[in-house]
Number of protein chains: 2
Amino acid sequence: MASVTMIEPNGHFCSDCAVRGVAVCASLDPAELREFEHLGRRVHFASGETVFSEEDITTSFFNLLEGVMRLYKLLPDGRRQIVGFALPGDFLGMNMSGRHNFSADAIGAVTVCQFAKVPFGRFIEDRPHLLQRINELAIRELSQARDHMVLLGRRSADEKVATFLLGWRGRLVSLRGSSNTVPLPMSRQDIADYLGLTIETVSRTFTKLERHGAIEIVHGGINLRDAARVEALAAA
Amino acid sequence: MASVTMIEPNGHFCSDCAVRGVAVCASLDPAELREFEHLGRRVHFASGETVFSEEDITTSFFNLLEGVMRLYKLLPDGRRQIVGFALPGDFLGMNMSGRHNFSADAIGAVTVCQFAKVPFGRFIEDRPHLLQRINELAIRELSQARDHMVLLGRRSADEKVATFLLGWRGRLVSLRGSSNTVPLPMSRQDIADYLGLTIETVSRTFTKLERHGAIEIVHGGINLRDAARVEALAAA
DNA sequence: AAACCCGATTGACCCAGATCAATTTTGACG
DNA sequence: CGTCAAAATTGATCTGGGTCAATCGGGTTT
């Protein structure tokens with residue numbers, strides 16, 4: 001992929017960062033924030049670009065500022081499992097040592113705040129509250145990962161799709177506020193690889209939900225017509 | 001379940017604890033260890049007993065000392081997904097706040113080192129290296145969780161079983177040293193719920209592996225006859 | 001050692017979701 | 001606006017693994 005990556009030439013200010021309240025940096029006081037500012041640099045990625053790859057040695061951490069990313073693992077024969085979608089505020093690559101254990105692509109244009117591992121590690125060292133914040137995030141992710149295992153191992157296609165729609169909507173709501181329109185910037189293939197299904201099954205399930213009046217498929221997303229019905233499907 | 005739980009009346013010594021080298025406490029120096037000693041108490045659980053349940057408010061953390069545990073989540077209708085098996089040295093319940101997000105049962109007799117949340121939290125506060133150790137463990141678990149998502153979402157039954165056997169053997173080897181005999185203390189149902197399969201499929205797959213000379217099914221476990229063949233199946 | 005229980009195995013059959021194969025829709029570009 | 005390419009939908013068919021139903025041990029109780 002031709003790199004359309006761009007690194008901003010000049011500084012920026014954490015204090016008016018869009019994700020200031022949710023991200024790792026939420027645990028920093030104004031004085032720390034000023035110092036922190038020098039560690040990160042904003043980097044842009046074009047749609048489809050890979051931000052980092054599984055098995056790359058970890059040299060940077062990333063704080064997603066704008067856009068959506070898919071996080072995935074590949075089997076040698078090409079089968080793909082998407083282990084999560086990242087949204088603004090998510091902190092990626094927290095492997096203090098060693099290698100990344102998944103790859104991350106931009107879905108649409110993306111802006112990240114990139115930190116070099118070593119200075120970031122030094123900054124953390126005498127700031128246990130930041131480490132604690134990172135630990136909290138890791139534990140939250142672990143909990144999400146376990147929920148996703150239940151979905152992958154024990155849920156039917158209908159339940160998977162319904163659970164995905166509600167979960168994705170939930171995340172967008174807490175980020176942008178409530179709405180019945182659920183944008184789906186990822187492709188059907190991405191959704192399929194996230195849910196452990198094929199693209200055809202995802203498509204058919206969407207159509208089925210629409211026929212039953214539960215959702216309406218619109219360009220670039222869906223409208224939740226009957227949230228209760230979708231919830232009933234997801235709960236099962 | 002009738003509680004056969006037993007709490008040891010008197011103290012014990014961390015310094016000669018079986019899991020001293022692997023567990024969270026590996027990050028403590030001898031002086032700290034003596035203080036730490038007063039925080040934990042050994043507790044025994046009989047086979048099948050529940051150590052803690054999903055949605056219980058977290059009041060304790062557990063360090064598994066002896067035995068095996070199954071960690072699982074249930075859907076409202078009873079479907080179960082085992083999210084992992086715990087072995088000695090594993091640290092359970094690391095939700096600094098809130099609730100456990102899975103349940104944990106003893107598989108066979110189990111001994112844990114139980115820590116009350118509050119004093120443990122206080123102990124951590126001024127020992128960032130312990131927090132760092134816990135963070136490392138969380139990140140390792142996260143990585144395992146993602147690997148398991150790939151298995152659940154994208155692997156065939158044969159691959160699942162082969163991967164499980166090798167992974168389980170690997171953990172036992174690093175704990176007890178190499179051997180071609182792989183004890184399987186968990187039931188077929190447990191294995192099925194771990195792999196997102198049914199008990200029948202697990203049983204059939206074992207039989208198939210045995211017919212092909214890859215393994216030999218023995219009482220309480222299996223013998224690895226042809227590790228290379230099993231590895232080939234798992235890699236696929 | 002007979003009776004019983006419970007986990008594991010095996011067989012017969014079925015079905016949810018995969019696979020294969022066309023369309024149809026959408027979007028990018030000249 | 002027309003042309004192409006990629007994404008999404010839809011249909012027809014197939015199959016891996018689930019479901020249902022015996023049967024088979026191995027251990028424990030009496």
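Heavy-atom basis, side chains included; hydrogens, waters and symmetry copies ignored. First the proteins, then the strands, lettered A, B, ... as listed; each starts at 1.
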### Message
Without decimals, in angstroms, what is the distance between B:Asp193 CG and D:dG18 C1'?
### Response
14 Å
### Message
Please confirm whether the shortest side-chain N or O distance from A:Thr201 to OP1 or OP2 of C:dG17 is below 4.0 Å.
### Response
no
### Message
From CE of A:Met186 over to C1' of D:dA7, roughly how many Å is that when rounded to an integer?
### Response
15 Å
### Query
Using the ring of each side chain (for Trp, its six-membered ring), is A:Phe52 parallel, tilted or perpendicular to A:His100, with breaks at 30° and 60°?
parallel
### Query
Which is true for A:Gly196 with a 4.0 Å heavy-atom rule: it touches a base, it touches only sugar-phosphate, or it touches nothing?
sugar-phosphate
### Task
Mind calculating the distance between NE2 (B:His219) and P (D:dC24) to the nearest angstrom?
20 Å
### Task
For side chain to side chain contact (heavy atoms under 4.5 Å, CB included), just list the numbers for A:Leu224 and A:Leu165, CA-CA rounded to whole Å, side-chain angles, deciding distance to a tenth of an Å, and then say yes or no.
CA-CA 9 Å; A:Leu224 257 195; A:Leu165 288 177; 5.7 Å; no
### Query
Mapping A:Arg154 and A:Ile217 to their closest nucleotides on DNA chain D, which lands nearer the 5' end?
A:Ile217
### Query
Taking the side chain of A:Glu200 as heavy atoms from C-beta outward, which of C:dG17, C:dT10, D:dG11 is closest to it?
D:dG11
### Query
Hey, does B:Ser203 reach any base, or is it just sugar-phosphate, or nothing, if we go heavy atoms under 4.0 Å?
base
### Query
Hey, does the side-chain of A:Arg188 have a donor or acceptor N/O within less than 3.5 Å of a partner on the base of C:dT26?
no
### Message
Just the rounded figure in Å: distance from C1' of D:dA8 to NZ of A:Lys208.
### Response
18 Å
### Task
Please state how far atom CZ in B:Phe206 lies from atom C1' in C:dT9, giving the value in whole angstrom units.
12 Å
### Query
What's the CD1-P distance between A:Ile199 and C:dA18, to the nearest Å?
12 Å
#### Entry: hbond_proxy B:Gln189 side chain to C:dC6 base (donor-acceptor, 3.5 Å cutoff)
no
### Message
Whether the B:Asp190 and B:Tyr72 side chains hold a donor-acceptor pair (N or O, under 3.5 Å, no angle test) is what I'd like checked.
### Response
no
### Query
In whole angstroms, how far is the P atom of D:dT10 from the CD atom of A:Glu210?
8 Å
### Task
With the side chain of B:Ser156 defined as its heavy atoms from C-beta on, choose the nearest nucleotide among D:dG17, D:dA8, C:dT9.
D:dG17
#### Entry: From A:Gln81, A:Glu141, A:His148, residue fulfilling side-chain hydrogen bond (donor to acceptor under 3.5 Å, both in side chains) relative to B:Arg146
A:Glu141
### Message
With rounding to the nearest 0.5 angstrom, report the CD to CZ distance, A:Glu216 to A:Arg225.
### Response
4.0 Å
### Query
C:dG11 base to B:Arg204 side chain: any donor-acceptor pair below 3.5 Å?
yes
### Query
Between D:dG27, D:dT19, C:dT9, which one does the side chain of B:Thr198 approach most closely?
D:dT19
### Query
Atom CG of B:Leu184 to atom P of C:dT9: distance rounded to whole Å?
10 Å
